Amino acid sequence: MRNASPTYRAIYRTVKRIPKGKVATYGQVATLSGLPGAARQVGYALHALKKDNSVPWHRVVNVRGAISKRSSGRSAEVDQRLLLEAEGVEFNVAGRIPLARFCWTPSS
DNA sequence: CCACTGACGAGTG
DNA sequence: GCACTCGCCAGTG
């Protein structure tokens with residue numbers, strides 16, 4: 001972030017609000033950031049973070065509850081899963097997260 | 001300015 | 001469940 005456009009900063013703010021032990025989908029983050037339908041930009045924004053630790057990017061998964069594959073480096077995918085499991089998020093046999101239980105639902 | 005790309009989602013068949 | 005299409009919009013050449 002740092003010098004990112006307002007759109008990106010809005011996305012990062014939303015991601016930072018995701019509580020530990022929960023996950024949110026790209027579409028959710030987009031909507032909560034005031035960008036309904038711009039789920040793709042969320043993914044692109046997170047990709048731009050690269051190795052930024054100030055944002056819990058690992059709590060963002062796609063609507064299927066699975067970890068999206070990136071273009072560069074497969075290690076990030078493994079990292080994400082380990083980080084989530086360390087927070088108490090479970091993965092089923094299909095390697096996906098039961099969103100019914102772990103999807104973050106903003107109370108506000 | 002134009003074309004293409006990309007951690008995606010929802011709708012349709 | 002799978003394949004396809006369209007919408008989103010910042011970044012790059």
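Please read these numbers as outputs of a predicted model, since none were measured by experiment. Numbers restart at 1 for each chain; the letters A, B, ... are given by sequence-line order, proteins then strands.
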Review point. Any donor-acceptor pair under 3.5 Å linking the side chain of K69(A) with the backbone of E77(A)?
Key: no
Exercise for review: Verify, without hydrogens or angle tests, whether Y12(A) (side chain) and S54(A) (backbone) share a donor-acceptor contact under 3.5 angstrom.
Suggested key: no
Review point. Is the cationic atom of R81(A) (NZ for Lys, CZ for Arg) positioned less than 6.0 Å from the six-membered ring centroid of F91(A) and within 45 degrees of its normal?
Key: yes
Check your understanding: Going 5' to 3' along DNA chain C, which nucleotides are the first and last within contact of chain A (any atom under 4.0 Å from a heavy atom)?
Key -> dG7(C) to dG11(C)
Check your understanding: Okay, side chain of E87(A), backbone of K20(A): is any donor-acceptor separation there less than 3.5 Å?
Key -> no
Revision key, fill the gap. Judged by nearest nucleotide, the residue sitting upstream toward the 5' end of DNA chain C, R64(A) or L35(A), is R64(A)
Exercise for review: Would you confirm whether E90(A), through its side chain, and F102(A), through its main-chain N or O, come within 3.5 Å as a donor-acceptor pair?
Suggested key: no
Check your understanding: If you look at every heavy atom in A30(A) and A39(A), which pair is closest and at what distance?
Key -> CB-N, 3.8 Å
Revision key, fill the gap. L99(A) atom CG is separated from dA10(B) atom P, nearest whole Å, by 11 Å
Check your understanding: Checking R101(A) side chain against L99(A) main chain: does a donor-acceptor pair fall under 3.5 Å?
Key -> no
**Study point:** Shortest non-hydrogen contact between I18(A) and V60(A), atoms and distance
**Key:** CD1-CG2, 4.0 Å
Check your understanding: What does nucleotides 3-8 of chain B look like as a protein-contact string, B for base, S for sugar-phosphate only, - for none, at under 4.0 angstrom between heavy atoms?
Key -> ---BBB
